[in-house]
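Read through the structure below, which is laid out as structure tokens, and then see the notes.
Nothing here was measured: the structure is a model prediction, and the numbers come from that model.
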Amino acid sequence: LPVSQPAILVMSAGAAQAPFGDGLLCLDVQNQSIYRFPRASSRDSGAVKFGPGLAEWSGTNLPSAGQIQPGDTWYFQTWYRDPNGPCGTGFNLTNGLKMEFTP
């Protein structure tokens, strides 16, 4: 990611593809709720870190439908500011990630 830029991790119970910003939104926002985690900033390396403890955080901060439980599958993606991005929208998205939470 660009250095020192805000980023927000979002998750949904479904996957999809839709143009958004300078990239593709890979979360199903039409048929599923979308949940967001606290904002973070990219580091000098361009990396951003969320967690550990995403499942625990979801259990105390999100409504019951957004709480990560053993056996759940969730789709994650990070939105971030990209002032010099290729399409000029000022933001972009990482690749989507499917995660299965095992007991």
Side-chain angles (χ1 to χ4, degrees):
L1 308 181
V3 174
S4 300
Q5 293 297 315
I8 299 172
L9 179 66
V10 291
M11 74 175 189
S12 174
Q17 281 192 354
F20 189 65
D22 285 359
L24 286 175
L25 180 63
C26 297
L27 306 178
D28 183 356
V29 297
Q30 297 291 335
N31 301 309
Q32 303 289 328
S33 294
I34 192 167
Y35 302 97
R36 84 178 198 132
F37 291 86
R39 185 181 76 82
S41 291
S42 57
R43 300 175 179 172
D44 291 341
S45 65
V48 65
K49 180 179 178 181
F50 299 100
L54 294 179
E56 181 180 349
W57 189 91
S58 76
T60 57
N61 294 281
L62 295 177
S64 59
Q67 295 176 5
I68 299 170
Q69 301 293 326
D72 283 354
T73 298
W74 287 96
Y75 298 84
F76 293 85
Q77 193 166 20
T78 299
W79 169 96
Y80 61 94
R81 287 219 185 269
D82 191 2
N84 300 314
C87 300
T89 64
F91 68 95
N92 207 337
L93 300 153
T94 62
N95 291 340
L97 178 65
K98 176 183 177 181
M99 294 185 69
E100 297 175 7
F101 291 83
T102 58

Hey, can you pull the donor-acceptor pairs under 3.5 Å for the side chains in residues 85-95, sequence neighbours left out?
{"residue": "Thr89", "atom": "OG1", "partner": "Asp22", "partner atom": "N", "Å": "3.4"}
{"residue": "Thr89", "atom": "OG1", "partner": "Asp22", "partner atom": "OD1", "Å": "2.7"}
{"residue": "Thr89", "atom": "OG1", "partner": "Phe91", "partner atom": "N", "Å": "3.4"}
{"residue": "Thr89", "atom": "OG1", "partner": "Phe91", "partner atom": "O", "Å": "3.0"}
{"residue": "Thr94", "atom": "OG1", "partner": "Thr78", "partner atom": "N", "Å": "3.0"}

Side-chain donor-acceptor contacts of residues 52-63 below 3.5 Å, not counting sequence neighbours, with atom names and distances?
{"residue": "Ser58", "atom": "OG", "partner": "Ala55", "partner atom": "O", "Å": "2.8"}
{"residue": "Ser58", "atom": "OG", "partner": "Ile68", "partner atom": "N", "Å": "2.9"}
{"residue": "Thr60", "atom": "OG1", "partner": "Trp57", "partner atom": "O", "Å": "3.3"}
{"residue": "Asn61", "atom": "ND2", "partner": "Trp57", "partner atom": "O", "Å": "2.9"}

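Cluster annotation: Tyr80 is connected to Phe76 through the hydrophobic network of ILVMFWY side chains, with a link wherever side-chain heavy atoms come within less than 4.5 Å. Under the 4.5 Å side-chain contact rule for hydrophobic residues, Leu97 and Leu1 share a cluster.
For residues 9-19, no pair satisfies salt bridge (Lys or Arg N to Asp or Glu O under 4.0 Å), with sequence neighbours left out. Within the structure, no pair that satisfies the salt bridge (Lys or Arg N to Asp or Glu O under 4.0 Å) test touches residues 75-91, not counting sequence neighbours.
Thr73 is linked by a side-chain contact (heavy atoms from CB on, under 4.5 Å) to Tyr75, Lys98, Glu100, counting only residues two or more places apart in sequence or in another chain. Taking the side-chain hydrogen bond (donor to acceptor under 3.5 Å, both in side chains) definition, one finds that Ser41 meets it with Arg39, sequence neighbours left out. Take Ile34 and apply the side-chain contact (heavy atoms from CB on, under 4.5 Å) test, not counting sequence neighbours, and it matches Val10, Leu27, Val29. Take Gln32 and apply the side-chain contact (heavy atoms from CB on, under 4.5 Å) test, not counting sequence neighbours, and it matches Ser12, Ala13, Asp28. The side-chain contact (heavy atoms from CB on, under 4.5 Å) test applied to Gln69 returns Gln67, Asp72, not counting sequence neighbours.
In terms of heavy-atom proximity, Phe50 sits nearest to Pro38 at CE2-O, 3.7 Å. Here the closest heavy-atom approach between residue Ser4 and residue Ser42 is recorded as N-OG, 3.0 Å.
Of the inter-residue distances, the one linking Leu9 atom CG with Lys49 atom NZ reads 13.5 Å to the nearest 0.5 angstrom. The line from CE of Met99 to CE of Met11 is 10.5 Å long, rounded to the nearest 0.5 Å.
At least one side-chain heavy atom of Trp74 sits less than 4.5 Å from a side-chain heavy atom of Tyr35.
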